[in-house]
Amino acid sequence: MSTVPAIELQNITKTFGSVVANKSVSLTVNRGEILSILGENGSGKTTLMNMISGIYFPDEGQIFIDGEEAVIASPKDAFDYKIGMIHQHFKLVDVFTATENIVLGLKEEGRYNLKAAQKKVQDICERYGFDVDPKKKIYTMSVSEKQTVEIVKVLYRGADILILDEPTAVLTPQETQKLFAVLRRMRDDGKAIIIITHKLHEVLSLSDKVAVLRKGEYVGTVNTAETNESELTEMMVGKKISLNIERSEPQNVTPRLEVHHIDCTNREGVLVLDDVSFTANAGEILGIAGIAGSGQRELLEAIAGLQKLDSGAVLYNNPQTGNMDNLCSKTPLQIRELGVRLSFVPEDRLGMGLVGNMDIIDNMMLRSYTKGKGMFLERKAPKDLAEHIIEDLEVVTPSATTPVRRLSGGNVQKVLVGREIAASPTVLMAAYPVRGLDINSSYTIYNLLNDQKERGVAVIFVGEDLDVLLELCDRILVIGSGRVTGVVDARTATKEEIGLLMTKTEGDAQHG
Amino acid sequence: MADVMTKKHTHEPAITIAKRDDLVWWKAWLIRLAAILIGFLLMGFVSMMLTKVSLGEVFSMMIRGAFGRLFEGGKATMLWKFLQETAILLCLTLAVTPAFKMKFWNCGAEGQALMGGLGAMICMLELDGVTPWLHTVLAVVLGIVFGAVWGLIPALFKAWYGTNETLFTLMMNYVATQLVAYYVLIASKGLTVIRPVETGALPVLGNQKFLLNILVVAVTMVVLYFYLKYSKQGYEIAVVGESQNTARYIGINVKKVIIRTMVISGAIAGLAGVLLVAGTDHSINTHTVGGLGFTAIMVSWLGLFNPYIMAAMSALVVFLNIGAAKVADTFFLNSSYADIVAGVVILFVVGCEFFIRYSVKFRHTKKEARS
């Protein structure tokens with residue numbers, strides 16, 4: 001390949017108000033090379049890529065493409081420089097076919113020729129080994145197929161510098177391997193590829209070079225072959241940390257929550273939970289694994305009283321009274337009145353678990369505002385609780401009266417988890433509690449969950465990172481398309497085994 | 001290729017706009033104050049061009065228009081009128097605010113107030129043989145109930161069927177207007193005007209016709225401030241407004257909160273109607289509220305949903321309206337003049353919020369400074 005780098009960044013700086021998102025970042029990517037950009041959330045990876053793809057404009061510094069200085073002021077400029085970005089959230093029209101989406105918005109010479117386009121799409125697919133039907137409509141596609149369409153779309157437009165923003169976040173292990181194979185083939189074809197990720201093992205298995213960012217600053221670039229996981233973590237976090245979750249043996253395991261054959265239909269009339277049964281035990285962490293959108297959300301909401309069930313029962317084994325209470329078709333308020341101490345850390349933290357525009361104290365009050373006599377609010381207890389949580393969980397915030405939306409993702413989550421644990425629950429449900437969190441915060445959360453387990457709480461943990469699920473949980477329930485496809489022992493199961501279970505019923509569900 | 005590149009340099013954005021979260025409160029208020037001043041200056045210049053008198057003359061005419069000759073030792077009649085109009089506008093503003101905090105866009109304060117007035121009027125005219133104080137109490141209660149019902153109807157539909165409250169409340173205004181027109185027709189036996197009646201009217205305090213109205217609104221303002229800020233129900237309103245999902249998650253009955261809040265909203269609007277009919281006009285027609293119910297929507301926003309700031313904003317808007325009307329009268333300008341004047345000032349007041357929320361930087365100055 002030529003010695004001139006495909007893309008070179010020199011001292012790129014970008015600030016938002018007083019926040020420095022990128023500070024003097026310099027990078028080079030050659031043709032025929034895969035560069036990983038590694039960094040924790042909020043380290044400025046996406047901002048940097050958005051500057052290359054024309055969404056933001058750098059405050060300082062230059063970008064060189066093939067050795068020439070480039071000014072990329074809009075996504076269209078980026079296209080002209082043959083830069084293509086695949087965003088985390090797909091930008092596709094659901095009712096169009098793959099090909100229609102690919103040619104959408106292109107101003108090609110001559111009349112609109114779908115056949116020719118289809119042919120071209122087919123060629124690209126064959127060349128790199130993509131597996132996608134050009135005539136298939138988007139809404140019938142799986143997440144990984146949609147992602148493929150996005151990649152083909154930028155290739156169709158002639159991109160030879162590709163940027164992928166956390167492409168594996170939504171994929172199963174098998175799909176990830178397939179994607180990596182395709183990326184390697186594109187690299188061998190002479191394309192320059194930049195992939196944003198925070199998963200270390202992916203970095204090591206895929207890329208040629210790794211550039212590390214920490215809090216907006218550029219730490220350095222290393223050759224993947226000459227590095228290892230612990231060195232990269234140190235670069236990312238700035239200090240040595242151990243990446244072990246201490247999993248204790250479950251003590252006094254008794255059934256706490258029994259879910260019997262629940263069915264649930266969502267507003268669109270789709271069956272999202274299909275005959276789901278399982279038991280969550282006190283003193284145990286039950287993991288729930290599955291492809292995003294397989295019914296995890298509905299399952300937890302059904303237990304919390306937020307989702308109406310068509311049939312089935314959710315039985316709660318009350319340790320105080322010894323009764324079995326059926327939580328099915330009760331509202332959250334009625335569940336609490338039964339004396340069920342159920343805590344729930346929902347997936348949508350600022351949209352459900354907390355109110356972004358309210359401060360930490362008012363957010364503490366969400367769980368307790370009805371307490372106390374009279375029509376006025378009691379602010380003393382929530383204030384104490386807020387200060388207690390800020391201190392215990394080391395929440396970084398200017399004060400307890402700062403709106404939570406101004407906190408970083410990790411601190412938002414600490415506030416939410418802290419509040420839910422403060423209610424001394426007997427059942428604790430957490431949906432993707434470490435999504436978007438940096439390594440340190442993630443381990444804080446894991447430790448908190450472990451703590452609760454040791455106190456005899458039945459913990460239900462919905463996760464996406466299979467490595468973490470295998471390390472943290474005692475048992476793992478796998479769901480696929482709203483059905484339970486298996487329960488495995490987390491101490492003996494493998495990632496591949498779970499990956500297979502995750503996709504097991506996809507075919508059946510489509511027919512049924 | 002090189003050509004293309006040099007051409008592209010012109011694409012470089014000249015202005016960058018970034019969101020900011022961190023502006024200290026006094027700076028925000030300085031920006032707002034500056035905006036009001038600039039607004040007034042610009043308004044003054046527009047007036048100068050139209051009237052060919054000096055800037056000072058325009059302003060003094062406006063002040064005299066709003067406050068009368070109070071500062072020259074005259075009677076305070078104009079000032080009372082100014083306070084009365086401010087109070088009524090504030091009352092309607094207070095009415096829409098709980099709903100707005102819940103993100104329920106109640107555009108029906110006009111109709112709710114009109115219904116409130118109608119309730120009071122019916123009681124004043126149709127009720128016979130009750131002790132005077134009871135008559136007044138009944139008129140007030142019926143008026144408030146009418147207003148509350150007019151707020152309740154769209155709330156029921158919103159809570160159960162998810163209808164669009166903006167359209168619904170707007171349409172309810174027309175229904176209210178027609179009901180009033182109909183009632184005026186029967187009550188006046190075809191004369192189209194109801195002659196003022198004293199039975200059931202609000203008492204006059206200290207020889208000042210408007211004093212009671214003003215006091216009632218002042219009390220309402222304080223009560224609403226505490227209700228929204230310190231009560232459990234006020235907290236529920238805020239949570240429902242911010243996120244219905246969060247509200248459901250913690251077990252708030254969202255339907256109940258929507259309905260309860262709109263009943264309160266309608267009741268306060270109804271109170272404004274009562275003050276206009278039983279406290280001021282002692283009669284009713286379709287223009288009794290005179291569009292203040294719509295102005296209130298704007299004032300509520302201008303007042304950042306804080307009752308005290310809303311009081312100041314009500315005063316500002318009323319001052320502009322009365323003052324401009326005075327200028328228009330003197331120079332035989334048509335009624336659009338008042339709208340233009342108020343529009344210019346309010347444009348600045350609203351527009352300055354942009355500079356409070358975003359910071360604007362000019363790129364070229366920065367680049368030169370660095371190179």
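In what follows, chains carry the letters A, B, and so on, assigned in the order in which the sequence lines appear, proteins first and then strands, with residues in each chain numbered from 1.
- Only the side chain of A/Met358 has a heavy atom closer than 4.5 Å to any heavy atom of chain B.
- Neither the backbone nor the side chain of A/Lys76 comes within contact range of chain B, judged by heavy atoms closer than 4.5 Å.
- Between the side chain of A/Tyr369 and the main chain of B/Gln233, no donor-acceptor pair closer than 3.5 Å is present.
- In B/Phe157, the CZ atom is not crowded: 12 or fewer heavy atoms of neighbouring residues, nucleotides or ligands sit closer than 6.0 Å.
- Counting heavy-atom pairs closer than 4.5 Å to chain B, the top residue among A/Met365, A/Glu301, A/Glu378 is A/Met365.
- At least one donor-acceptor pair under 3.5 Å links the side chain of B/Tyr249 to the backbone N or O of A/Phe344.
- For A/Arg367 against B/Ile250, the heavy-atom pair with the smallest separation is NH1-CA, 4.1 Å.
- For chain B, no part of A/Ile335 is nearby; none of its heavy atoms comes within less than 4.5 Å.
- Between B/Thr246 and A/Leu354, the shortest heavy-atom contact is OG1-O, 3.4 Å.
- Within the 4.5 angstrom heavy-atom criterion, no atom of B/Ala247 approaches chain A.
- Residue A/Leu366 holds its CG atom at 7.0 Å from CD1 of B/Ile252, rounded to the nearest 0.5 Å.
- Annotation for B/Phe355: atom CZ does not count as buried by contact number, only 12 or fewer foreign heavy atoms lying within 6.0 Å.
- Within 6.0 Å of the NZ atom in A/Lys383, the count of heavy atoms belonging to other residues, nucleotides or ligands does not exceed 12.
- Enclosure of atom CZ in A/Arg297 is not indicated, since only 12 or fewer non-hydrogen atoms of other residues, nucleotides or ligands lie within 6.0 angstrom.
- Other residues, nucleotides and ligands contribute at most 12 non-hydrogen atoms within 6.0 Å of the NZ atom of A/Lys82.
- In this structure, chain A has a heavy atom under 4.5 Å from the side chain of B/Glu236, while its backbone stays farther away.
- Using modelled atom types, no side-chain atom of A/Arg379 and backbone atom of B/Tyr230 make a donor-acceptor pair closer than 3.5 Å.
- A pairwise comparison of heavy atoms in A/Phe376 and B/Lys232 identifies O-CE, 3.5 Å as the closest pair.
- Looking at B/Ser243, its side chain never comes within 3.5 Å of a backbone N or O of A/Met352 through a donor-acceptor pair.
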